[in-house]
Amino acid sequence: MARYILQRVFAAFVALWILTTVTFVLMHAIPGGPFTRERNVPEAVMRNIEAKYHLDDPLWQQYLDYLGGVVRFDLGPSFKFQGQTVNDFIRRGFPVSAELGIISIILSMAIGIPVGIISALRQNKWQDNVTMLVAIIGVSVPSFIIAPLLMYVFALKLRWLPPAMWGSWRQVIMPAVALALLPLATFSRLMRSSMLDVISQDYIKTARAKGLSELAVTWRHAVKNAVMPIVTYLGPLIAAILTGTFIIEQIFAIPGLGRQFVWSVNNRDYTTILGLTIFYGAFLLLMNLVVDIIYGFLDPRIQIAGRKD
Amino acid sequence: MKAMSVANGVNPGVFGPVPENAFEHVGPAPEEQNLIVRPPTTYWQDAWRRLKKNFLAMCGLYVIILFIALAIFGPMLTGYTYFGQVLTDANKAPSLAHWFGTDHLGRDELTRVLYGARISLSIGIVASVINLAVGALYGGISGLVGGRTDNVMMRIVDIIYGIPLQLVVILLMVVMGSGLLNIYVALGLVYWLGMARIVRGQVLALKEQEFVLAARMVGADQRRLLLRHLIPNAMGPIIVTLTLSIPQAIFTEAWLSFIGLGVAAPQASWGVLASEGVGGLRSYPWQTFFPAAAISLTMLAFNFLGDGLRDALDPRLRR
């Protein structure tokens, strides 16, 4: 088990290093420096600015400095917001995005998994057909299409919910639902097929044969085993929610990190793009690591495979 | 009873030898038994037959064909151009003159949605074909060569898999600048990992089969083996992955447009149109509604078709 975890941690660090390097190289591959687009500045001023941001250092020096900064979790200053650092943005925006994301994840699991179970237990009956049709629609319609639709119906026409901004619980509902819809549909599809796998196994027949009630068979033997494969979806789920927040926060004017990121992309605030990309990358790699380790503990077969390596 | 024990040779002494003509053939003639009544079906005919029975998948296929036809011929038939501005007609609601209304510069929304179909569908298809080329080659070589090469190549894939690819796409678009060609390249170069894994798995399973041995025996080199024998035989799963990666590319492009990294104006994909419309949602909802419906319908159609193809090409997976 320790070996398995070590392997995963190592792979995550390599991935983060590659991401940092690729980001750094790409950002420096842009023709001209970050300040060349400004109005004509005297040569001396330009040199001063470059010295301030260490842009006159040789490239390898900048690269090593940057790597050192990443290790110390110092992502540098923003080029466009005077006196602000990327860390400031994260400190301000991330809690908001995290709150929205966690609510969406809970929402999608709390509805998606039971729907999948019911669908599997009623396989090919109308309950199953209807939920699977709705689920494939949920998988197909992107959150940034759902969001304006929800806004139009519930905020602008019915006036039940506030159309935008952040603060009260009523303002959380629409963005959370828009974000949760895709993972909800995916959860129910995965849970259904996983349940169908499990209930055709022999040990389910054994459990029935020894006289357990239908509820005990479903709950203790089927659901418990069927939930396991779902855990692997948590990694992609967190990634989907995170990239979803970029747009959802924009549409609902939520002051989260996603909106900040899109703002920096649109304003070509290169250091912020660089820093936030690495932050997001590190965050997702960490989440994947956690999911992998949880899965390793849940599924004894993985430990055996790890030992064989 | 008598004849049986004789035929089995139990007790020939008592009943004597069996005459030659003691038995008569009463069933269908041997040549009739071997007659092939139904025409032989190939793997693909069989898959097509199964696909035709799948109502939703066929709906998806027809919608896709319809949309492709509309994308090719539609913009010529509306009588407007996608860039022609009539500022006095700005933000008009849908009417007989403008079926889908007009946008904030008085451009005909129907023409722009049809023209957007060209861009969005071409992005989906071109990006997926690049994925196919890169992924099938990478996975194919990895699986065919095997051993240490395979190990290293797949470790690389595992590590890249850990990197959040959508961030890489954003970075590439920021660096290369927005534009149709750059979107093809960015999406095509980033999303080939899944294809590589699937092709490798297929090649690993196929390369131990006799037809590969036969091909090797008549002198096929690795290149011919991969391109002529292994990849064509792995076509089923490749097509399914390809079909399901097209909506993914269309989705990613639309998502990029909302971030502000879509195609450059005056060109507009469905994503650009929808994201432009959101700003005026309160007053001009149709500017969001039509492109949004187009994106959703297309993704739905491709997902239905992809699911159906998977069932048709590999019936063992069907539930």
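Chain letters run A, B, ... following the sequence lines, proteins first, then strands; residues in each count from 1.
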Any idea which of [options] has the most non-hydrogen atom pairs under 4.5 angstrom with chain B?
options	answer
A:Val262, A:Leu274, A:Val14, A:Ile136	A:Ile136
A:Leu16, A:Val141, A:Val22	A:Val141
A:Leu276, A:Ile145, A:Ile273	A:Ile145
A:Ile247, A:Asn288, A:Leu284	A:Ile247

Any chance you could measure [X], atom [atom1], to [Y], atom [atom2], to the nearest 0.5 Å?
X	Y	atom1	atom2	value
A:Ser264	B:Ile170	OG	CD1	10.0 Å
B:Phe258	A:Ser143	CZ	OG	9.0 Å
B:Leu167	A:Leu19	CG	CG	7.0 Å

Closest heavy-atom pair, B:Ile259 versus A:Asn266, reported as atoms and distance to 0.1 Å, is O-OD1, 2.9 Å
Practice task
Can you see which heavy atom on A:Pro148 is nearest to which on B:Thr288, and at what distance?
Solution key: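 Answer, listing the atom of A:Pro148 first, then B:Thr288: CB-CG2, 4.1 Å.
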Given the rule in the side-chain contact (heavy atoms from CB on, under 4.5 Å) test, do A:Leu133 and B:Leu56 qualify, once you have shown the distances and angles that lead to the verdict?
-> CA-CA 10 Å; A:Leu133 191 71; B:Leu56 286 175; 4.1 Å; yes
Residue set satisfying salt bridge (charged side-chain N to carboxylate O under 4.0 Å, His left out) with A:Arg259, at least two apart, ordered chain then number -> none
Hits for salt bridge (charged side-chain N to carboxylate O under 4.0 Å, His left out) against B:Arg118, two or more places apart or cross-chain, chain-then-number order -> none
### Message
Under the criterion side-chain contact (heavy atoms from CB on, under 4.5 Å), I'd like the reasoning laid out for B:Val174 against A:Val265: C-alpha separation, chi angles, the key distance, then a yes or no.
### Response
CA-CA 7 Å; B:Val174 167; A:Val265 166; 3.9 Å; yes
- [ ] Kindly assign one of parallel, tilted or perpendicular to the pair B:Trp255 and A:Phe246, based on the angle between their ring planes and the thresholds 30° and 60°.
- [x]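 If you compare the ring of B:Trp255 with that of A:Phe246, the planes turn out parallel.
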*Heavy atoms of other groups near B:Phe67 CZ, more than 12 under 6.0 Å*: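 Yes, enclosed.
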Q: Enumerate by number any residue of residues 291-305 of chain B whose heavy atoms lie under 4.5 Å from heavy atoms of chain A; in the absence of such residues, state 'none'.
A: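 B:Ala292, B:Ile295, B:Ser296, B:Met299, B:Leu300, B:Asn303, B:Phe304 fall under the 4.5 Å cut-off.
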May I have all residue pairs that pass side chain to side chain donor-acceptor pair (under 3.5 Å) and include part of residues 181-193 of chain B, sequence neighbours excluded?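 Output for this query lists B:Ser122-B:Tyr184.
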Problem - Interchain contact, A:Leu26 with chain B, by part (heavy-atom threshold 4.5 Å) - result: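 Contact with chain B: backbone and side chain both.
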